[in-house]
Amino acid sequence: MSAAFQEIRHLKSLVGETVSLRGWVRNARTSKTRFIELRDGSGFVQCVVGANEADAESYETAGKLTQESAISLTGLVQQHPKTGEPEILVKSLQLLAPSVDFPITPKDHGIEFLMDNRTLWLRSKRQWAIIRVRHEIVKAIRDFFDTDGFTLLDAPILTPSSCEGTSSLFETDYFHEGMAFLSQSGQLYQEPGVPAFGKVYCFGPTFRAEKSKTRRHLTEFWMVEPEMAFAGLEDVMHLGERMVKFILQRVLEGRQEELKILERDTAPLEIALNETFGRMSYTDSVEKLKTLGSDINWGEDFGNDDETILMNATDRPLWVHRFPKSFKAFYMAFDPTQPDLALGADLLAPEGYGEVIGGGERASDIDYLLAQIEHHGLNRADYEWYLDVRRFGGVQHGGFGMGLERAVAWICKLPHVRETIPYPRMMGTLRP
RNA sequence: UCCGGUGUAGCUCAGUUGGUUAGAGCGCUAGACUGUUAAUCUGGAUGUCGGAGGUUCGAGUCCUCUCACCGGAGCCA
């Protein structure tokens with residue numbers, strides 16, 4: 001940005017000085033004194049155009065501004081007489097580029113209309129706040145792993161076979177190989193990184209062609225997946241808890257303005273940051289659910305209602321661990337003290353947000369893994385490279401995956417994940 | 001995929017037991033007025049009533065099919 005122009009985010013320290021700004025008109029209220037809400041991407045500021053303070057031509061221009069016109073202006077930074085926030089007393093103002101009939105007006109709009117106009121919707125204050133919180137969370141995740149000795153090991157997006165089920169894969173032609181699939185998870189590619197680098201993570205988009213239309217599902221979503229050597233279930237839960245707290249701390253420190261725009265009550269986030277997360281075995285949680293009125297039986301996975309019932313009874317994130325092996329992935333290690341249990345854990349977020357992390361200890365015994373591959377009807381030949389992790393110095397290891405959008409939705413307290421990513425991809429949404 | 005719901009102006013919606021010329025607010029436009037902040041006030045322009053078919057003297061309204069979207073379920077991060 002040219003040195004001649006200031007960014008709005010710096011105005012607090014420039015009260016009393018004359019500055020030049022450029023940006024877009026969020027709203028203009030025309031009257032004898034004219035008020036322009038200006039945004040430049042770094043923040044928002046009210047600009048006051050008075051007949052006596054501004055030159056005649058600028059005053060005239062200010063009276064005819066339309067929503068989202070691009071302008072530049074010069075004026076004195078002063079404090080708003082009522083709010084005390086910085087505002088600009090304009091001396092001169094120029095129209096840089098007009099904007100005609102901007103579709104997203106200051107009144108209410110339906111979600112379909114807003115999604116159709118997603119590119120323009122991103123200019124709104126609320127979307128601005130959400131995307132900036134998302135950015136903060138992404139940066140916090142990277143900083144957390146980078147400073148904790150993890151090496152970034154990017155997983156491929158085009159893959160020859162599925163990691164989990166085969167029912168939810170996007171397919172594409174791949175030359176002489178025939179079909180390739182968009183990755184559902186980078187995990188299988190992280191495990192070989194364990195003996196190579198000790199601690200690794202990947203963080204990128206993953207794809208699931210599930211025909212699910214809920215507030216918690218996207219067909220393209222971002223996942224961070226760490227994997228550690230010599231790590232059991234306890235280590236995995238400990239790592240996940242530290243990571244979530246690190247994220248919360250960064251957001252609460254650095255994104256107060258955005259959380260305020262979103263009217264996010266930060267008290268629940270502070271509890272999650274400061275208190276130890278709850279822990280409950282699957283078996284205990286089924287018993288608890290029964291006393292709370294659920295009709296769940298041991299051996300069944302939680303329904304959406306079950307997660308809600310369980311989380312209404314607590315004010316902090318909850319680890320649910322040691323699920324029945326039957327509904328978990330083939331690569332999960334089993335509990336030696338109770339072999340029908342998988343050494344897995346899910347982290348449920350409070351306030352109705354449900355599962356944000358899923359992970360656990362991986363099976364390290366090759367014979368067990370071979371049996372699991374057969375039991376799940378998978379093609380062994382596709383997994384030889386994965387089995388090599390066990391053949392050549394296979395040790396205990398584990399990790400987890402966290403869905404970025406679910407974390408963003410929880411931290412921002414959004415009703416739907418579609419607002420947590422700039423361009424959401426869902427069952428019925430491919431454009432813009 | 002299943003269950004439920006909604007499609008009317010650029011946007012958000014109202015529209016009675018089927019009845020004559022389809023309404024409001026916002027936005028737009030012309031003006032008034034004011035340290036305003038979803039500003040306010042006065043005037044003005046704006047419609048393939050999602051699409052196709054049917055019932056009827058007559059359909060925005062009833063029926064059938066269809067498309068789109070919304071909410072929920074299952075599945076999952």
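Since we're looking at a predicted model, the values are computed, not measured. In what follows, every chain begins at residue 1, and chains take the letters A, B, ... in the order their sequences are listed.
- Annotation: A:K125, atom NZ; neighbour count of heavy atoms from other residues, nucleotides and ligands within 6.0 Å is above 12.
- Residue A:K107 places no side-chain N or O under 4.0 Å from the OP1 or OP2 atom of B:C13.
- Look at B:A68: its Watson-Crick or wobble partner, with both distances under 3.5 angstrom, is B:U6.
- No engagement by A:T206 is indicated, since no non-hydrogen atom pair under 4.0 Å with the nucleic acid exists.
- Taking the C1' atom of each, B:U21 and B:G58 are spaced 16 Å apart, rounded to whole Å.
- Among the atoms of the strands shown, none is found under 4.0 Å from any heavy atom of A:D346.
- At least one test fails for A:R406 against the ring of A:Y353: distance under 6.0 Å to the centre or angle within 45° of the axis.
- Here, B:U16 and B:G31 have their P atoms 39 Å apart, quoted to the whole Å.
- Remark: the separation of the P atoms in B:C33 and B:G50 is 43 Å, to the nearest Å.
- Between A:K211 and B:U1, a side-chain N or O to OP1/OP2 separation shorter than 4.0 Å is present.
- At the heavy-atom level, A:T214 lies under 4.0 Å from base atoms of the strands shown.
- Within the nucleic acid shown, A:L218 comes within 4.0 Å of at least one base atom, counting heavy atoms only.
- Taking the 5.5 Å centre cut-off and the 30° plane limit, the aromatic side chain of A:F221 is classed as stacked on B:A77.
- Atom C1' of B:U48 sits at a distance of 34 Å from the matching atom of B:U1, rounded to the whole Å.
- Within the structure, a side-chain polar atom (N or O) of A:R418 is placed less than 4.0 Å from OP1 or OP2 of B:G71.
- Nearest-nucleotide positions on RNA chain B for A:E37 and A:P103 put A:P103 closer to the 5' end.
- Contact between the side-chain N/O atoms of A:N304 and the OP1/OP2 oxygens of B:A73 is found at a separation under 4.0 Å.
- The interatomic distance linking A:E225 (CD) with B:A77 (P) rounds to 9 Å, in whole Å.
- Atom CD1 in A:I411 sits 12.5 Å away from atom CZ in A:R255 (nearest 0.5 Å).
- The pair A:E37-A:R29 counts as a salt bridge, with a side-chain nitrogen and a carboxylate oxygen less than 4.0 angstrom apart.
- Among the atoms of the strands shown, only primed sugar atoms or phosphate atoms (P, OP1, OP2) are found under 4.0 Å from some heavy atom of A:T105.
- No more than 12 heavy atoms of other residues, nucleotides or ligands sit less than 6.0 Å from atom CD of A:E374.
- On the P atoms, B:C13 is 13 Å away from B:U6, given to the nearest whole Å.
- Atom CG of A:L89 and atom P of B:G35 are 14 Å apart (whole Å).
- The residue A:E220 sits apart from the nucleic acid: no heavy atom pair falls under 4.0 Å.
- If you check the side chains of A:S99 and A:S69, you find no donor sitting under 3.5 Å from an acceptor.
- Counting any heavy atom pair closer than 4.0 Å across all strands shown, A:D108 reaches a base atom.
- Of all nucleotides present, only B:C28 satisfies the Watson-Crick or G-U wobble test against B:G44, with each distance under 3.5 Å.
- In this entry B:U1 has B:A73 as its Watson-Crick or G-U wobble partner, both defining distances falling under 3.5 Å.
- Among B:G35, B:A38, B:C76, the nucleotide with an atom closest to any side-chain atom of A:N27 is B:A38.
- For A:H217, the side-chain atoms get nearest to B:C75 when compared with the rest of B:A39, B:C75, B:U36.
- Across all strands shown, nothing is found opposite B:U17 as a Watson-Crick or G-U wobble partner with both distances under 3.5 Å.
- Comparing B:U37, B:C75, B:C28 by their nearest atom to the side chain of A:D101 picks out B:C28.
- Closest to the side chain of A:E112, from the set B:C75, B:C69, B:C26, is B:C69.
- Shown here, B:A38 forms no base pair; nothing in the strands shown gives a Watson-Crick or G-U wobble contact with both key distances under 3.5 Å.
- In this structure, A:Q78 reaches the bases: a heavy-atom distance under 4.0 Å links it to at least one base atom across the strands shown.
- Residue contacts for A:G50: at a heavy-atom cut-off of 4.0 Å it reaches no nucleic acid atom on any strand shown.
- A:R216 comes within 4.0 angstrom of a nucleotide base, judged by non-hydrogen atoms across all strands.
- Picking from B:A77, B:C70, B:U37 the nucleotide with the shortest atom distance to the side chain of A:K213 gives B:C70.
- Aromatic ring orientation, A:F170 versus A:F207: perpendicular (interplanar angle above 60°, classes split at 30° and 60°).
- Taking atom CG on A:N117 and atom C1' on B:C11, their separation rounds to 10 Å, with Å as the unit.
- Phosphate contact (OP1/OP2 of B:U36, side-chain N/O of A:R29, threshold under 4.0 Å): absent.
- Ion pair A:R316/A:E241 not flagged as a salt bridge, since none of the NZ, NE, NH1 or NH2 atoms sits closer than 4.0 Å to an Asp/Glu carboxylate oxygen.
- The 5' end of RNA chain B is approached more closely, in terms of each residue's nearest nucleotide, by A:F35 than by the other of A:F35 and A:D301.
- Using a 4.0 Å heavy-atom cutoff across all strands shown, A:P81 reaches at least one base atom of the nucleic acid.
- Taking atom C1' on both nucleotides, B:C41 is separated from B:G25 by 15 Å, rounded to a whole Å.
- A:E355 comes within 4.0 angstrom of sugar-phosphate atoms only, judged by non-hydrogen atoms across all strands, and of no base.
- Counting non-hydrogen atoms under 4.0 angstrom, A:G303 reaches the backbone sugars and phosphates but no base.
- Nucleic acid contact for A:I357: sugar-phosphate only, since backbone atoms but no base atoms lie under 4.0 Å from a heavy atom of the residue.
- Within 6.0 Å of NZ in A:K245 there are more than 12 heavy atoms belonging to other residues, nucleotides or ligands.
- A:H109 contributes no side-chain N or O that forms a donor-acceptor pair with the base of B:C11 under 3.5 Å.
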